[in-house]
Amino acid sequence: MPPHDRIATRPAPGFEPRQVLLFSGHRVDAPDRPQPRFPPGKVAAAARRIDEALAHWQAGPQDLAITQGSAGGDLLFAHACQERGVPLQLMLPLPEAEFVRRAVAPSAESARWCAAWSHVRARLSLAPLLLPEAAGSPFERCNRWMLDTALGFGDSRLRLICLWDGGGGDGPGGTDHLVEQARRQGVPVTWIDTRRLRSVNRA
């Protein structure tokens, strides 16, 4: 990956978190996905593992959580952080209505995830941030933006939690891209492998 101009934003000016918990994860599968990656039957297991990761890092009000807010892993992480009182900063690659249309609504159980978005959104103490416009994939640029913003608090404070199958993404800016970028910076990665999650038949 060639060098890039760092873009960073300072969430909650004046707040110095003990640690920054950055999350990236697969969206829950769309109904027409040809090869399952994160089917609805694995959502409950993923939620448990995400909460266990937050418990491992003793996440609480003294920390800062950063994610985008897509249906699936992002919203599970966001909800778990809010339950623990962790200040949550959503960083959106697209204007909010378009983001919900493209990254929340198309999933299986669309109504459930749209409701989850609304629930998380209503509980935010920090307003969502919108990626500045520029050329290139907004999702790839948002990954870099989130990572640069998190690193702005100090490399030693950053932990990355990812919900990932270990493969490439469906397009630019997937979880694999953010994991690669974080590992290059020496960031500790807590990897929840979707292939190893127990699936529950939701029929």
Side-chain angles (χ1 to χ4, degrees), residues 21-57 59 65-84 86 88 90-94 98-121 128 137-140 142-143 146-147 159-183 187-203:
L21 301 157
L22 175 60
F23 182 88
S24 180
H26 291 317
R27 300 177 195 171
V28 70
D29 291 347
D32 58 352
R33 185 176 180 83
Q35 284 193 312
R37 182 176 65 180
F38 181 34
K42 293 189 175 186
V43 166
R48 287 193 297 271
R49 291 291 304 280
I50 289 169
D51 194 61
E52 288 169 2
L54 293 174
H56 171 77
W57 292 115
I66 295 175
T67 194
Q68 289 187 26
S70 298
D74 288 5
L75 285 176
L76 295 176
F77 171 79
H79 174 75
C81 287
Q82 289 181 328
E83 290 296 293
R84 290 176 172 271
V86 182
L88 174 66
L90 297 182
M91 301 184 71
L92 306 182
L94 301 165
E98 183 180 359
F99 177 77
V100 172
R101 180 176 61 82
R102 290 181 55 178
V104 180
S107 60
E109 302 179 326
S110 176
R112 170 189 178 179
W113 291 104
C114 288
W117 165 268
S118 297
H119 183 68
V120 165
R121 180 69 172 84
S137 162
F139 291 96
E140 185 170 302
C142 194
N143 277 349
M146 291 194 302
L147 182 59
R159 294 87 174 85
L160 173 64
I161 301 171
C162 67
L163 180 72
W164 181 40
D165 68 352
D170 291 340
T175 297
D176 60 314
H177 171 254
L178 184 52
V179 170
E180 176 192 4
Q181 297 296 308
R183 283 175 170 166
V187 175
V189 178
T190 300
W191 178 11
I192 302 168
D193 190 338
T194 57
R195 297 167 299 182
R196 299 177 179 273
L197 296 176
R198 180 182 178 189
S199 184
V200 176
N201 187 352
R202 298 176 61 87

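These figures come from a predicted structure and were not determined experimentally.
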Report yes if some heavy atom in the side chain of [X] is under 4.5 Å from a heavy atom in the side chain of [Y]; otherwise report no.
{"X": "F77", "Y": "L21", "value": "yes"}
{"X": "L54", "Y": "I161", "value": "yes"}
{"X": "V28", "Y": "E109", "value": "no"}
{"X": "V179", "Y": "S24", "value": "no"}
{"X": "V187", "Y": "L22", "value": "no"}
{"X": "Q68", "Y": "F139", "value": "yes"}
{"X": "R27", "Y": "S107", "value": "no"}
{"X": "W191", "Y": "L160", "value": "no"}

Between atom [atom1] of [X] and atom [atom2] of [Y], what is the distance when rounded to the nearest 0.5 Å?
{"X": "C142", "Y": "L147", "atom1": "SG", "atom2": "CG", "value": "11.0 Å"}
{"X": "K42", "Y": "R49", "atom1": "NZ", "atom2": "CZ", "value": "11.5 Å"}
{"X": "I192", "Y": "W164", "atom1": "CD1", "atom2": "CH2", "value": "13.0 Å"}
{"X": "T175", "Y": "E180", "atom1": "OG1", "atom2": "CD", "value": "12.5 Å"}
{"X": "H26", "Y": "C162", "atom1": "NE2", "atom2": "SG", "value": "8.5 Å"}

Taking only residues two or more places apart in sequence, or in another chain, which ones meet [X] in a side chain to side chain donor-acceptor pair (under 3.5 Å)?
{"X": "T67", "value": "D74"}
{"X": "R195", "value": "D193"}
{"X": "W57", "value": "T190"}
{"X": "H119", "value": "R123"}

[X] and [Y]: which non-hydrogen atoms are nearest, and at how many Å?
{"X": "L197", "Y": "A46", "value": "CD1-CB, 3.8 Å"}
{"X": "A116", "Y": "L75", "value": "CB-CD1, 4.2 Å"}
{"X": "P36", "Y": "P34", "value": "CD-O, 3.9 Å"}
{"X": "N143", "Y": "H177", "value": "ND2-ND1, 3.1 Å"}
{"X": "A65", "Y": "C81", "value": "CB-SG, 3.6 Å"}

Q. What residues form a side-chain contact (heavy atoms from CB on, under 4.5 Å) with P138, not counting sequence neighbours?
A.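 With neighbours one apart ignored, the set is P93, L94, L131.
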Q | Counterpart residues, side-chain contact (heavy atoms from CB on, under 4.5 Å), relative to S118 (two or more places apart) | A |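 Expected list: none.
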Q | ring-ring contact (aromatic ring centres under 6.0 Å, His included) partners of W113, counting only residues at least two apart | A |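 Listed in chain order: nothing, the list is empty.
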Q: Just jot down the ring-ring contact (aromatic ring centres under 6.0 Å, His included) partners of F99, sequence neighbours excluded, or say none.
A: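 Expected list: W117.
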Q | Check against side-chain contact (heavy atoms from CB on, under 4.5 Å), D165 and F38 | A | CA-CA 8 Å; D165 68 352; F38 181 34; over 6 Å; no
List the residues meeting salt bridge (charged side-chain N to carboxylate O under 4.0 Å, His left out) with [X], not counting sequence neighbours, and say none if there are none.
{"X": "D51", "answer": "R84"}
{"X": "R159", "answer": "none"}
{"X": "R33", "answer": "D29, D170"}
{"X": "R121", "answer": "E96"}

